[in-house]
Enquirer: 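Attaching a single structure in structure tokens format; questions to follow.
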Amino acid sequence: MLATQQVDLIKGRWYDKIELTAFLCTADTQGGTCVPGQATTDAERDAIRAALESNPQVQTVYYQSQEDVFEEFKVTYADSPIIGSLQATDMQDLFRIKLKNPEEYQEVTAQLSVMPGVQSVQDLRAFLEPLFEWLNWGRWMAVGASALLLLAAALQIGNAIRVAAFTRRREIGIMRLVGASRTYIMLPSLLESLAVALGGAALACATLAAIQQFAVVEKAKPALQGFVWIGWNHVAIAMLGVVVVAVLLSMIPTLVATRRFLKV
């Protein structure tokens, strides 16, 4: 559960950063709907802005002029030797578009691609998609490993309960002959398995707390401050899930394993 929550946090954080960038034409650019030797006109720029602002899928639109882009370029590539040979007119002005739902970008991209004055539309998803695929793989591997561990635990608990019930078959038979109810006969086994399960859950919760404190809080957070990490609230949810699973894993196999010994 912690691994799944961590993956969801990272994906959510990066999804918030996904935006479309529509690069406009200059006299030197080619491709898209650019006319050779002609930059995007003011009328075309206004039409693009109006189309984006009226699109219900668009959350915000931010325009950057060539001067704005050049200033940003100088900050990003401050140590590059080519800065001295460039000027603002070498840049492309652009629109940055934030979508309400980053996963539904195709319609906005298709709309921009055919509008006059747009040279290209860049989507950050193309760069982030491989990362998302690896995160999804990691999450499903964690879920699969957890499912196998739960299955193994259920089989082990069921076998242990069957052995315990087999060793007590004479006592169970006597209790049935004297008219004891099924609940009364099964109660000792249920309480025993529940106590063992809660003890195991307590150890698992302590392990989760130790991982959060020593691995995440003291190691991962200071080393990778750009990432968003799970907090104690996520650990509490995982602990609650562990306790619920422990109770179910103790009750269900016990009921199944002791059923045959209740027949006299």
Enquirer: Residues sharing V114's hydrophobic cluster, by side-chain heavy-atom contacts under 4.5 Å among ILVMFWY, directly or via others?
Expert: none
Enquirer: So which atom in L86 and which in M91 form the shortest heavy-atom distance, rounded to 0.1 Å?
Expert: CD1-CE, 4.1 Å
Enquirer: Name all residues meeting the side chain to side chain donor-acceptor pair (under 3.5 Å) criterion together with Q38; count only those two or more places apart in sequence or in a different chain, and write none if there are none.
Expert: none
Enquirer: I'd like to check L24 versus Q119 (side-chain heavy atoms, cut-off strictly below 4.5 Å). Are they in contact?
Expert: no
Enquirer: Just do the side-chain contact (heavy atoms from CB on, under 4.5 Å) check on T109 and S113 with the steps written out, would you?
Expert: CA-CA 6 Å; T109 301; S113 299; 4.0 Å; yes
Enquirer: What is the minimum heavy-atom distance between A39 and E44, and which atoms define it?
Expert: O-OE1, 4.4 Å
Enquirer: Other than W140, what residues sit in its cluster of Ile, Leu, Val, Met, Phe, Trp and Tyr side chains whose heavy atoms are under 4.5 Å apart, directly or through others?
Expert: V143
Enquirer: Is it true that, when you exclude E71 itself, more than 12 heavy atoms of the residues, nucleotides or ligands shown sit nearer than 6.0 Å to its CD?
Expert: yes
Enquirer: For Q66, what residues pass the side chain to side chain donor-acceptor pair (under 3.5 Å) criterion, not counting sequence neighbours?
Expert: none
Enquirer: For residues T26 and Q92, report the shortest heavy-atom separation together with the two atoms involved.
Expert: CG2-CG, 3.9 Å
Enquirer: Identify, with sequence neighbours excluded, every residue that meets salt bridge (charged side-chain N to carboxylate O under 4.0 Å, His left out) alongside R49.
Expert: none
Enquirer: How long is the span from the CG atom in L52 to the OH atom in Y63, to the nearest 0.5 Å?
Expert: 13.0 Å
Enquirer: Could you list the residues that satisfy side chain to side chain donor-acceptor pair (under 3.5 Å) with D90, not counting sequence neighbours?
Expert: none
Enquirer: Supply the atom-to-atom distance Q122 CD to I97 CD1, rounded to the nearest 0.5 angstrom.
Expert: 11.0 Å
Enquirer: Nearest 0.5 angstrom please: N55 CG to L99 CG, how far?
Expert: 8.0 Å
Enquirer: Less than 4.5 Å apart, side chain to side chain, heavy atoms only: is that true for K100 and Q59?
Expert: yes
Enquirer: Can you sort out the partners of F70 under ring-ring contact (aromatic ring centres under 6.0 Å, His included), two or more places apart, ordered by chain and number?
Expert: none
Enquirer: With the 4.5 Å side-chain cut-off for hydrophobic clustering, are V196 and V247 part of the same group?
Expert: no
Enquirer: With a 4.5 Å cut-off on side-chain heavy atoms, are V121 and T21 touching?
Expert: no
Enquirer: For residues 200-218, tabulate all N or O donor-acceptor pairs below 3.5 Å that involve a side-chain atom, not counting sequence neighbours.
Expert:
{"unit_1": "T207", "atom_1": "OG1", "unit_2": "L203", "atom_2": "O", "d": "2.9"}
{"unit_1": "Q212", "atom_1": "NE2", "unit_2": "I230", "atom_2": "O", "d": "3.1"}
{"unit_1": "Q213", "atom_1": "NE2", "unit_2": "E218", "atom_2": "OE2", "d": "3.0"}

Enquirer: Shortest non-hydrogen contact from A47 to M115?
Expert: O-CE, 3.7 Å
Enquirer: Could you list the residues that satisfy ring-ring contact (aromatic ring centres under 6.0 Å, His included) with Y62, not counting sequence neighbours?
Expert: none
Enquirer: Show every donor-acceptor pair shorter than 3.5 Å between a side-chain atom in residues 236-243 and any protein atom, with sequence neighbours excluded, or say none if there are none.
Expert:
none

Enquirer: Please enumerate all residues that pass ring-ring contact (aromatic ring centres under 6.0 Å, His included) together with F23, with sequence neighbours excluded.
Expert: none
Enquirer: Excluding sequence neighbours, so at least two apart, what forms side chain to side chain donor-acceptor pair (under 3.5 Å) with D42?
Expert: R45
Enquirer: Any side-chain heavy atom of D46 within less than 4.5 Å of one from T41?
Expert: no
Enquirer: Does either side chain, that of D93 or that of Q64, offer a donor lying less than 3.5 Å from an acceptor on the other one?
Expert: no
